[in-house]
**Q** 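Once you've had a glance at the structure underneath, I'll fire off some questions.
Order of appearance sets the numbers: ligands from 1, and atoms from 1 within every ligand. Everything numeric here is computed off the predicted structure, so don't read it as measured data.
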Amino acid sequence: MLRAISRGAAVQKPGPDNPDVTLITSTSPMTTPTHGGRAKCLQRLVRLDLPVPRTVALSFDTVHTLAGGYLPDVRDVLSEFDENALLCVRPSSEDPDWGGPGAVLNIGMNAEKHADLCTRIGETAATDIYLRFIQTYAVDVARLDAEMFDDIDGTGPAALKAALAVYEDEAEEPFPQDPAVQLAEILRSMARAWEGTTARLLRQAKGAPVDAGLGLVVQQMALGLGSGECGSGVLQLVNPSTGLPQITGRYLSQSQGREALDGDTASIFLEKDPRGPSLEELAPEAFAALKEHAALMRARLREEMQIEFTIEDGALHILDGVRVERSARAALKIVVRLAEDGIISKQEAVMRIEPRALSELLHRQVAANSPRDILGFGIAASPGAATGKIVFTSEAAQAMAARGEACVLIRRETSPEDIRGMHAAAAVLTERGGMTSHAAVIGRGLGLPCVVGAANMRFQAKRRSIVSVDGRTFREGDEITIDGTSGQVLAGSVEMIEATLDDTFRTFMSWADAERDIGVRANADTPADAKTALHFRAQGIGLCRTEHMFFEAERLTPMREMIFARDVKDRQAALELVLPMQRADFLELFRIMQGQPVCIRLFDPPLHEFLPTTRAGQRELAEALDLPVSDVTRRIESLSEYNPMLGMRGVRLGITVPEIYDMQARAIFEATVEAAKEGVTIVPEIMVPLVSAKREVELVRARVEAVAAAVRAEKGAAFSYRLGVMVETPRACLRAGDIAEHAQFLSFGTNDLTQMTYGLSRDDAGRFMSEYVRQGVFTEDPFHMLDTEGVGELLRLGVVRGRTARPNVVLSICGEHAADADSIAFCREAGFDYVSCSPFRVPVARLAAAQLALTDKMQYPSA
Ligand code: PEP
Ligand code: MG
C-alpha cells in the first residue's frame, strides 16, 4: 500500500477497495477507466507473454491524491523492483489523444548507481544516463530553466560535475540522491502537471471531460546503453500516412526512449533497406522476434500498434504499445485491412471511423505538417482547401478562370448573382454570413472550400484589398489559401494532400450501407451536383433548388422581362423563353439520376434578387426593355421589401404570380415524358416552398394538376408525379396535419425553420454567434447543429401531426443540418424516411446513419 504523508491538505486518500499501486500481471485488476489506456495495454502485452519489463500502475484516484498535496512514501512502489534497477514513469490517460506529461526515464540514478553502472556498462554510458536524468529532473520536476545546462559540454566526468553544480546552485539544495525522494517528487510533479489549467483546456479541446483522470505507470528500465548491442527504437507494421503494410520506424544504438525518431543520422532502418543499414542486419534475432511480437499484437489487440522497444545486450524488451497515429486515409485502409484479415468484424470497422473524418478524404486538405501563416479566420463553412489569387467580383473570378488561373473570390457576402463567380473560383471567403448563408450553402453544394463570417479581417472591397488580423494588406492578385476545414485564411500557397476515393473507400462504404436504416439523398441543383450525388451513392435528389437556374445570362433577361410584364399574357410570353431551358435542366438531372427520385423545389427567392442593383445595370436593363431608366428604378423600388426573407417569396409568389410555377410544372412534366422516351422512368417530386397554410397547397396543387392534365393530353403520354411541401415555417409544423392532406411528402427545411423559430437572421447571425456560444447562450450555432429542443419540438409536432393525418406521408429533412450525426439520430428517432444533404456530405451522412443503426443493434441485440 502506498502510504501518504499528509502535508496538511485535506485530500481523500484511496481506500481499501481502490488499491493505489498495482503490479501489472495477467490477472491484476486493471481497466482503462481506472488506470488508463497505457496500463491496460501493458497488461494485454503481459498476457501475450511478451518480454515486458516489470511494471506497476497507479490509478486515477491515486494520482489525483498526489496532485492534491500528499507527498507519497513510495517505498511500496520501489519494493516491487530490483534494488539496482532504474525506473521510468509514463502517463496513462483514458484516451491517448488527451496527452499527458512527458515520460521521465532513469529514475533512481545517483552517485552510488553511477559507480555501479560504471563497472557494469562502462563509464561513458553510465555518465550519459546520469547526465540525462539530472537535466530531466531539473527541468520537469525542480522547474529549473533548461538553458542553465546549455554551457555544459560533453558527456564525461567534468560535465557530470558541472551539471550537479548547476543543479545545486539553482535549486539551492544538492541533487536528491534517495530514489524514493526522486520518485515521489516525479510522481507528484506529473500529477500536478495534469491538473494544471493549460493541460486541462488542451485536453478538453480534444474532447476530454473536465474531470478526466490520469494514471501513471512505473516501469523497470531496460537501459539501451552499455556493452553488447544496446539501443532503442520504435516499430509499426503500417505506413502511417497510407495505411499500407510496411515496416516503418527506426532503431538507434546506444539510445533510450524515442531518441531513434529524433532525426539522429545514426538511426537505422528496421527491415533490410537499400538506402542504408538496418536492425535486421545488425541484430537479426532481435528483429525477427520483434516482427513476430508486432504481428501478435496486431492480431490480439485488434489494432495497428506502434511498439516502443529496447535492446539490452542483445536481449529484446517491449516497453510499450500505442495505437499508430494515422492520417484519415490510413485510418480507413487500416480498418478495412483488419476486417479483411478477419481480425475485426466489418461492423467494428464501420464503428471505428469518425464520420467527419471522411470529409478529409473527399476534399483536398492542407497537409498536417505544413507551416501556416494565418491571416485571419471565420466559420469553416465548406471543407477542403484551395489556393488562388484574390479577386473581389464574380466577373474577375470568371476572367481569371478563363485564363486558367485559380482564384479565391472574396465578397462581403454572396448572393445568387455570384453563382457564376463561385463556379469559377477555387474557394470563397466572405466577411459576413453563417453556416446557412448563401456562400456556405452553395460552397458545400459545389464542394468548394469556403470560409464565411471572417469579420476579424478588414474587407476593403472598393480598394480591392483585405487586411489581415495582424495588419498586413493583401491586394487583388495576391495569393492566399482558404482552409474551409479549419476556417483559417492563410498567406500564399501551402502543401496539400489530394482527395482519395479508391476501392478501400467504396468497400468501407458498402459495409456501412449494409447497416443503415434511413435513406440519404443529396441536395443537388446542377448536373455537376447530381453527378457528385450519384458518385457518392445518394439515393436520389432530396432538394433541387431551381432558382440558381435563372441566373444564367440567357435566362436573366426573360426573367426580368417577366418581372416587368404588364399583364399575364406578357408574363407568359417571357416565361415561354425560359421553358425549354428549364425543361432541358430537368431532363439532364433525370438522365443523370437514372430513375432515382428527384425532388424539385419550385421557385423560392424574392423577385428583386433578379434585378440589377447598380445604376449602370439599371441603365442596361432600361435599354433592353426599351423603358426609361426612371421606370426601371421605380419598379425596382416597388419590389423592395423591409424583410425580403419573410416577404414575397416561395409559395406566396407562386400564388400571386402563378405563371412561374405553371411554367416550372410544365417543364418538369415535359422532361418526364422526354426521359421516358429515352428509357428513364421517373416519378418526379414537386415541392412547394415556404408554406404556412393548407390553402396555399390547395391552390398550387390545383394548378399543377391542371398543367399535368394538359401535358398528358398534348403529349398523349401517361406519367405520375408526387406533390409535397417544404415545411420550413413554424406554422407549417403546427398545421402539418392539414397540410399533409394535400401533400404526399413533407420535407423539413431546417435552415428557414431555425431562422424563424429563433427569429434569427441566417445571414447575419455570424456577427455575434461566436460571442453567444462563448457566453453559453447557445451551446452551438443552431444553424450548424440542429436545436433538438426548440426547433426539434416543432419537427416532432410536424412529424406526428403529418403522419396522423396521412400515415404513408414520406418525411425527410433537407436543411444543412442533415449530414450531422446528431441530426440523423434525431431524424431516425422521430421516424423520418430520409435525410438530404450537400452531395459532398453524403458519405458522411451514410456513415453516421450506419453507426447509429449499429449502436442500436448493440444496445438491443434481439430487436
Ligand atoms: C431550408 O430552408 O432549410 C432549405 C433547405 O432551403 P433554403 O436553404 O434554400 O432556404
Ligand atoms: Mg428555405
**Q** On the 0 to 90° scale, with breaks at 30° and 60°, tag the Phe778-Tyr772 ring pair as parallel, tilted or perpendicular.
**A**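 It falls in the perpendicular class, over 60°.
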**Q** Quick check against the 3.5 Å criterion: does Ser836 have a side-chain atom that pairs as donor or acceptor with the backbone of Ala522?
**A**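 Looks like yes, one N/O pair under 3.5 Å.
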**Q** What residues sit with at least one heavy atom under 4.0 Å from ligand 1?
**A** Leu543, Arg545, Arg601, Met726, Glu728, Gly749, Thr750, Asn751, Asp752, Arg762, Cys814, Gly815
**Q** Do Leu753 and Pro730 come within less than 4.5 Å of each other through their side chains, counting heavy atoms only?
**A** yes
**Q** Are more than 12 heavy atoms from other residues, nucleotides or ligands located less than 6.0 Å from atom CZ of Arg555?
**A** yes
**Q** Look at the rings of His438 and His548 and say which category their plane angle falls in: under 30° parallel, 30 to 60° tilted, over 60° perpendicular.
**A**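 Because their plane-to-plane angle is over 60°, the rings of His438 and His548 count as perpendicular.
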**Q** Do Arg635 side-chain atoms and Ile563 backbone N/O form a donor-acceptor pair below 3.5 Å?
**A**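 Here the side-chain-to-backbone pair exists.
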**Q** Angle between ring planes, Phe832 versus Phe826, binned at 30° and 60°: parallel, tilted or perpendicular?
**A**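 Ring orientation, 0 to 90° scale: tilted.
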**Q** Return the set of protein N, O or S atoms whose distance to the Mg ion (ligand 2) is under 2.8 Å, each given as residue and atom.
**A** Glu728 OE1, Asp752 OD2
**Q** Under the criterion salt bridge (charged side-chain N to carboxylate O under 4.0 Å, His left out), I'd like the reasoning laid out for Asp517 against Arg828: C-alpha separation, chi angles, the key distance, then a yes or no.
**A** CA-CA 8 Å; Asp517 55 10; Arg828 282 181 74 244; 2.8 Å; yes
**Q** Looking at Tyr834, I'd like to know if the NZ or CZ of Arg521 sits under 6.0 Å from its six-membered ring centre while staying within 45 degrees of the ring's axis.
**A** yes
